[in-house]
Amino acid sequence: MCPKSMVTGESGSSGGTTDMSLFDIASLTPPRILEILDRAETMAEASPQGFNGKTIVPMFFEPSTRTRMSFDLAASRLGADLIVFDHETSSATKGETLRDTARTVGAMGPDLLIVRHENAGAPEAVARWSGVPVVNAGDGRHAHPTQTLADLYTIRRHFGGFDGLKVGMVGDIVNSRVARGLLSALPALGAGVIAVGPATFLPRHGDWDVDCAGDLDAVLGELDIVYLLRVQKERGGGLGFPSDAEYHRRFGLNDNRADMMKPECVVMHPGPMNRGVEVSDSLADGERSLILQQVSAGVPVRMSVMAGILGGGT
Ligand code: NCD
């Protein structure tokens, strides 16, 4: 057993707009998670368009492709107005602090902010400073709750539920906000999780309450889902192993390892992928891959989250 602590609830809401916000998955009980997933199912079938006159402002201080686009698409399917905050051309480049930026945006009276930032805790600070509810779209190593919900939606659609599933999270666990969310949510919903990777990527003893393994081949045959993570080089992950080739030899999913997997075992990855490092082309694009389903799931799940907040709940 590895370590305990930060896998669950660190956000500590402090009332008002922060109560309506979504900062991390650990602040949602299993029934609330299932309610969001159920509402997402209805959103996938019909675009409700019920939020005309509501204004959503995505504030991305870090790069993003799928998260950003699916929030934009989800907002427009809800019928909301989308006012884009462009970090590159904003006053942040003239030295404006995050607090002043948040207060400025808040003074214009939007209904919801979507915040991605390299610093853990920034979305919560922006909610406090702006007085506007925030959905966290990824903050440092901390959390990325709508990615977790999209993954849960994908898993439930494929397997019909969570009970008894065994999920291997493989790779840069300690630097990953995606891993943190699933390691918290999956056990709460009845699935088993094991963290797999080089010792440098696993939580240190005493940190998180999760089973860990350093040998992927020893556990691969037991898994229903192999969830691959990108090595987070921008967060120091590149220093955790000797070379990309060595990482692939020990932890990369390729045709040799596919033979060790159960026939029904599927492959997931939040993207962006490092092809040839954590996954080979054949597995990334093969029949067992749910990777594009995860991307598609992002739209109804984000519609569900935003509709819940704009409608007065989470
Ligand atoms: C992830 C992120 O940015 O947290 N990607 C995503 O949002 N789908 C994972 C990553 O950057 O590796």
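Indexing begins at 1, ligand by ligand and atom by atom, following the structure's order.
On a distance-only criterion, Gly271 and ligand 1 share at least one N/O pair closer than 3.5 Å. Residue Pro270 places at least one N or O, backbone or side chain, under 3.5 Å from an N or O of ligand 1.
When heavy-atom distances to ligand 1 are checked against a 4.0 Å cut-off, Gln147 comes that close only through its side chain, counted from C-beta outward.
Salt bridge Lys262/Asp224: present, at least one basic N to carboxylate O contact under 4.0 Å. Salt-bridge formation is detected for the pair Asp38/Arg156: a Lys NZ or Arg NE/NH1/NH2 atom is positioned less than 4.0 Å from an Asp or Glu carboxylate oxygen. A salt bridge between Arg275 and Asp285 is present, with a side-chain N of the basic residue lying under 4.0 Å from a carboxylate O of the acidic one.
Taking a 4.0 Å cut-off on heavy atoms, Arg116 registers as neighbouring ligand 1. Using a 4.0 angstrom heavy-atom cutoff, Gly138 does not count as in contact with ligand 1.
Classification of the Phe61-Phe85 ring pair by plane angle, with boundaries at 30° and 60°, yields tilted.
The ligand atoms of ligand 1 that sit less than 4.0 angstrom from a heavy atom of Arg66 are 8 (N). Using a 4.0 Å cut-off to heavy atoms of His144, the atoms of ligand 1 that qualify are 2 (C), 4 (O), 6 (C), 7 (O). Taking every heavy atom of Arg230 and a limit of under 4.0 angstrom, the matching atoms of ligand 1 come to 10 (C), 11 (O), 12 (O).
In this structure, the ring pair (Phe, Tyr, Trp, His ring centres under 6.0 Å) partners of Phe251, at least two apart in sequence or on a different chain, are Tyr247. Among residues two or more places apart in sequence or in another chain, the side-chain hydrogen bond (donor to acceptor under 3.5 Å, both in side chains) test is passed with Asp255 by Ser282.
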